[in-house]
Amino acid sequence: MTQTSWFQNKHVVLGVTGGIACYKACELARELGRRGAIVQVVMTEAATAFVSALTFQALTGREVKVSMLDPKAEAGMGHIELARWADLILVAPCTANTMALLAQGQAPDLLSTLWAAAACEKAIAPAMNQQMWKHPETQANLERLEGKVQIIGPDSGIQACGDVGSGRMSEALDIANTLEATLNRGALAGRRVVITAGPTHEPVDPVRYLGNRSSGKMGFALAEVANRLGATVTLITGPVHLETPAGVNRIDVETAGDMHTAVHSALDQVDLFIGAAAVCDMRPASVSKQKLKKSKDDLSQITLTENIDIIHSVATCPDRPGLVIGFAAETESVLEHARQKLIAKSLDAIIANCVAGGEIFGQDVTEATLVFSGSEQKLVPGTKSEVSQEIFATLSPLLAKRI
Ligand code: C5P
């Protein structure tokens, strides 16, 4: 089991909330550990009334976290670090109250805060009285979570309170097996993803070109993460000095014209297109056959002509991918300009970042907002790889709905 398990060396936050099914969470903590996971238990205050933190500490070998306002815990691994540390947050048992918090983005305690801050895989195993489970508000919360996080159970049968019906937490082994089966597939399993990256170079003469300061790091991080999540990835990149992420099909191009041709050749049943390339908007109208000389006359000969907008052509073509996502690197009024581009380019979403002062170009870290028509999501600042994970965590449920 341990060699092939998805859980091998994975960081799992096991959230335990206050219900009688807490005792089953002890077995679950053991089972996840047996499969190779590093398990960090986070309990709500109510859960500690059912099972002591010491029990989970003994089972996992890690100090249990309960309070968000514990300065000692925050000095060690604070809640944001913990949100990033996690590959999976599994809340089992998940009470009606915690389900409501998670579904509605409320964050009054450590577990719900972690949940809101994390972009990793998420799952819940609800456990509650059968009437509470049937309650319209609980069912509405369930609907809010469905398609975004994995919901395991509940099972039906005789409940601890004597009622008979749906609301029993699934058995530990069933939860572990269900997660194992689905997580192994990856959030983008079976999806075809095309990503553009880097700058384009527009030749002026045999030795000079017009270009920009894009390093390609964002597009390469997106490609690497998409591949890790199970997608078949084609990465079409302008000239950059980066290694191809393992498993990714890379196509090198130089000019916007080449990129346009390569992109449209790759548009066969594509689920998701992301234009992370900083495509030159213009190119010299004609390329000099000889190296230009320094004389004034020669310099004034360089006239520019507009390049085709690649992403707009993708978003409006008959082979349009399921989702078309662009980038907007802006120096001022970032969200406003991003929203305008979202509409003008017929995109499903646009990732806006501020490049004033050149802080993002070429860096390993980034800060961005995912802008949809009518809503936006500020992404947790982090490495380009971490931000990519959050982008796919948000986009993959949208893909599931469309297809
Ligand atoms: O208009 P602007 O260059 O700011 O738009 C940025 C977005 O449009 C990025 O997603 C970029 O990859 C894409 N783009 C494109 N073709 C162009 C110019 C930009 O695909 N010629």
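Ligands are counted one by one from 1 in listed order, and the atoms in each one are counted from 1 as well. Values reported hereafter were calculated over all heavy atoms of this structure, with side chains retained and with hydrogens, waters and symmetry mates removed.
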Trainee: Below 4.5 Å, heavy atoms only, C-beta onward: do Glu367 and Asn353 meet side chain to side chain?
Mentor: no
Trainee: Quick check on contacts: which atoms of ligand 1 are under 4.0 angstrom from a heavy atom of Ile311?
Mentor: 8 (O), 10 (O), 13 (C), 15 (C), 20 (O)
Trainee: Using non-hydrogen atoms of the residue, decide whether Lys345 is closer than 4.0 angstrom to ligand 1.
Mentor: yes
Trainee: Considering non-hydrogen atoms of the protein only, which is the closest contact for atom 4 (O) of ligand 1, and what is the distance?
Mentor: Lys341 NZ, 2.4 Å
Trainee: Look at ligand 1 and say whether Ala277 reaches it with a heavy atom at a distance under 4.0 Å.
Mentor: yes
Trainee: Do Val39 and Phe56 come within less than 4.5 Å of each other through their side chains, counting heavy atoms only?
Mentor: no
Trainee: Is any side-chain heavy atom of Leu179 closer than 4.5 Å to one of Leu90?
Mentor: yes
Trainee: Taking the minimum heavy-atom distance to atom 21 (N) of ligand 1, which of Ile308, Leu342, Asn307 ranks first?
Mentor: Ile308
Trainee: For residues Asn227 and Pro245, determine if any side-chain heavy atom of one lies less than 4.5 Å from a side-chain heavy atom of the other.
Mentor: no
Trainee: Among protein heavy atoms, which sits nearest to atom 7 (C) of ligand 1, and what does the distance come to when rounded to 0.1 Å?
Mentor: Phe327 O, 3.0 Å
Trainee: Taking the side chain as every heavy atom from C-beta outward, state whether Met43 and Phe50 have any atom pair closer than 4.5 Å.
Mentor: no
Trainee: Note the single closest protein heavy atom to atom 3 (O) of ligand 1, along with its residue, its atom name and the distance in Å.
Mentor: Asp281 OD1, 3.8 Å
Trainee: Would you indicate whether the side-chain heavy atoms of Ile251 and Leu235 approach each other to under 4.5 Å?
Mentor: no
Trainee: What part of His312, side chain from CB on, backbone N/CA/C/O, both or neither, has a heavy atom under 4.0 Å from ligand 1?
Mentor: neither
Trainee: Identify, by atom number and element, the atoms of ligand 1 in contact range of Gly326, meaning under 4.0 Å from any of its heavy atoms.
Mentor: 10 (O)
Trainee: Would you please say whether a donor-acceptor pair under 3.5 Å links the side chains of Ser52 and Thr55?
Mentor: yes
Trainee: Quick one: closest heavy-atom pair of Ala344 and His312, and the distance?
Mentor: O-CD2, 3.4 Å
Trainee: Are any of the N/O atoms in Gly275 less than 3.5 Å from those in ligand 1?
Mentor: yes
Trainee: Would one find an N or O of Ile310, backbone or side chain, under 3.5 Å from an N or O of ligand 1?
Mentor: yes
